[in-house]
Amino acid sequence: MSVDDVDWGALREAARAVARRAYAPYSGFPVGAAAYSDDGRLLVGCNVENAAYGVTLCAECSLVSALVTGGGGRLVAFTCVNGAGDVITPCGRCRQLLWEHGGADLLVETPDGVVPMSAMLPQAFGPEDLKR
Ligand code: THU
């Protein structure tokens, strides 16, 4: 998959749409995430906060859950946006989640352009390390 194979505009619009469903009464910071899987599914997720703040689910958590509950597969292209619709970068924990389900080659949109996941999480710990 190369950067030009992806309809990034459609992916961003899907992320903006799902951000409007975010449950973020504590931070007031809605997030929407969208991704394509390797079998062409469009997956989305939004953040779901909790009165026990640390229990909050990031948008990427619900996106990864949608991937797995929808039959699994690999993520190939990903974006996430804030409530204003601007592209943001995934938090550290969510980079780890994305690594597990997309690996080094997952294409991630950032405010500075599209980069592979290997640039977002250098020297990542992942499934391969468990085999050593
Ligand atoms: N958030 C996400 O959903 N994904 C990220 O990658 C960054 C942070 C959410 C968590 C929390 O509900 C709000 O943004 C503020 O941190």
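Whatever order the structure lists ligands and atoms in, that order sets their numbers, starting from 1.
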_How about CZ on F125, more than 12 heavy atoms from neighbouring residues, nucleotides or ligands closer than 6.0 Å, or not?_
yes

*Interatomic distance, Q96 atom CD to M117 atom CE [nearest 0.5 angstrom]*: 8.0 Å

*Should we count CZ of R93 as having more than 12 external heavy atoms under 6.0 Å?*
no

*Heavy-atom closest contact (A15 atom, T79 atom, distance)*: CB-CG2, 4.1 Å

*Relative to atom 1 (N) of ligand 1, which among C58, G45, P30 owns the nearest non-hydrogen atom?*
C58

*What residue and heavy atom of the protein are closest to atom 4 (N) of ligand 1, and at what distance?*
E60 OE1, 2.9 Å

*Using a strict cut-off of 4.0 Å, indicate which atoms of ligand 1 neighbour a heavy atom of P90.*
6 (O)

*Reported CG-to-CZ distance for the pair L43 and F78, which is rounded to 0.5 angstrom*: 11.0 Å

*Nearest-contact summary for atom 9 (C) of ligand 1 - protein heavy atom, Å*: N47 ND2, 3.5 Å

*asked:* Contact between P90 and M120 at the side-chain level, heavy atoms closer than 4.5 Å - yes or no?
replied: yes

*Interfacing atoms of ligand 1 (cut-off 4.0 Å, heavy-atom, A59)*: 2 (C), 3 (O)

*asked:* Show the atoms of ligand 1 that are less than 4.0 angstrom away from any heavy atom in S27.
replied: 13 (C), 15 (C)

*Go through ligand 1 atom by atom and flag the ones less than 4.0 Å from a non-hydrogen atom of E49.*
11 (C), 12 (O), 13 (C)

*Could you say whether the N/O atoms of C91 and ligand 1 ever approach to under 3.5 Å?*
yes

*Ligand-residue contact atoms, ligand 1 with F29, heavy atoms, under 4.0 Å*: 13 (C), 14 (O), 15 (C)

*Can you tell me how far the CZ atom of R74 sits from the CG atom of L67, to the nearest 0.5 Å?*
9.0 Å

